[in-house]
2 protein chains.
Amino acid sequence: MPIDTPAGADPREIPDATVSRLPEYLHALHTLGEAGQTTVSSEGLAVAAGVNSAKLRKDLSHLGSYGVRGVGYDIAVLTIQISEVLGLRQHRAVALVGVGHLGQALAGYGGFANRGFGIAALFDIAEDRVGTELDGLPIRHLDELPEVIATERISIAVIATPPLAAQRVADSLVNAGVTSILNFAPCVLDVPSNVDVRKVDLAVELQILSFHEHRKSRNGKVGT
Amino acid sequence: MPIDTPAGADPREIPDATVSRLPEYLHALHTLGEAGQTTVSSEGLAVAAGVNSAKLRKDLSHLGSYGVRGVGYDIAVLTIQISEVLGLRQHRAVALVGVGHLGQALAGYGGFANRGFGIAALFDIAEDRVGTELDGLPIRHLDELPEVIATERISIAVIATPPLAAQRVADSLVNAGVTSILNFAPCVLDVPSNVDVRKVDLAVELQILSFHEHRKSRNGKVGT
DNA sequence: CCCTGTGAAATTATTCACAGCA
DNA sequence: TGCTGTGAATAATTTCACAGGG
């Protein structure tokens, strides 16, 4: 008989599509809470998060029942539940590799520190960057990566290097014990199956928009 | 009788999931072409793009048959076909609003110009930025947006402003005629249904990784 | 009554497995 | 024989619609 936890808090049972929306719900809850609300209906939260309410209720049902029929969800309670599921109730140290334009933007991005993450270490290889500081944090040489990752107990890293360096950096991170990587370099990373990689490619996003633009102008011509 | 184009090139018939992978295929084709290959099998291209070959073949089947049985795909031909479907065979001018850290990183991001996009205009409201130049392009005040968007025939824009300004910027862009927006501000944009919005939230990506980290440490404990 | 939680239905996406062409 | 293109099978996701608790 396989493991079958009926209570909703088992992270293994939450669908990927739901996980990818939980951060949005958390953000929406934060916004609503700051506006002074203490409870919110599925419809209200759905609008704030930009999804429809049936989907939101289905998503939340995977983490258990924290709503009250006829009333809605307690914002404080639901915030804690989602944070718990996402593993955000413990501080997570993040390493950032590649302190170019994008890396500097990421290091300064307020959203990280505000939402349970702290950039704990910066790495680069450029002579003129190594040894300097960014926001009070020293930029170290890539050679120091294994030691620092171990000392600071870092398990999440962001790669913002040129694509040619990315695989070598990923290998080094994996060897040092990192098990989750956010990759901004436009290339496919080869990592062991126990390592999670998420990729963000800015040009890909624009190309998807381009497709929709193209489709719109096509349809426009059809109607003429 | 509804429109029913049997030939595979109708953009309306291509599933979203496929569209989101086409840019990856294009990139992989480019890499393989630079390495000197002229043809590639579905398996070879799939590995280069980081997907499995059945999915790749199914995706390509939506754009028509451009492979040769027993041989594979001609890299040059397939590159043109995918570019055509994505609407990349015509140059697309892009406006960038918000020239902070992230905006500067985006403006300097090589991937845009290399892949058929050109940043055609920069906007901001900060007194000390407006009037200066970035990579030879003047940073204009947001007030000039409607005029410039119209003159330059820009239909795609990138929002890299703080979240509080984003909705106002989006309204202004939509009024000026922009129909596709790439939003880096962590907020939900309200736009007419004919406008496509894609959102990239850096903190959301990290939170999804956090979930996976959390799950891994949970599972580790279960085994102990 | 209002609003959640959830089975069931519908839709979309992925994977399998193989017919058929070069 | 090798590899594409694709129906059929499977799996995942979204949406519907409503029972039932507060």
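First the proteins, then the strands, lettered A, B, ... as listed; each starts at 1.
- For the ring-ring contact (aromatic ring centres under 6.0 Å, His included) condition, no pair includes a residue of residues 14-47 of chain B, sequence neighbours left out.
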- [ ] Sugar-phosphate atoms are those with a prime plus P, OP1 and OP2; base atoms are the rest. Using that split, label each nucleotide of nucleotides 12-22 of chain D B, S or - for protein heavy atoms under 4.0 Å, 5' to 3'.
- [x] -SSB-B-BBBS
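- Between A:L60 atom CG and C:dT4 atom P there is a gap of 9 Å when expressed in whole angstrom units.
- Rounding to the nearest 0.5 angstrom, the gap separating the NZ atom in A:K58 from the CZ atom in A:R21 is 11.5 Å.
- The CG atom of A:L32 sits 13.5 Å away from the OH atom of A:Y73 when rounded to the nearest 0.5 Å.
- For B:Y73 and D:dC3, the OH to C1' distance is 9 Å, given to the nearest whole Å.
- In this structure, A:E43 atom CD and C:dC2 atom C1' are separated by 13 Å, rounded to whole Å.
- The separation between B:L45 atom CG and D:dC3 atom C1' is 14 Å, rounded to whole Å.
- Dashed line: the shortest gap from a side-chain N or O of A:S65 to OP1 or OP2 of C:dG5 is under 4.0 Å.
- Residue B:Y66 contributes atom OH, which lies 12 Å from atom P of D:dT6 at whole-angstrom precision.
- Side chains of B:F211 and A:P23 form no contact here, defined as non-hydrogen atoms less than 4.5 Å apart.
- Taking OG from B:S155 and CG from A:L209, the interatomic distance works out to 9.5 Å, rounded to the nearest 0.5 Å.
- Here the CG-CG distance, from A:L86 to B:L206, works out to 12.0 Å after rounding to the nearest 0.5 Å.
- For B:S42, a side-chain nitrogen or oxygen approaches OP1 or OP2 of D:dT4 to under 4.0 Å.
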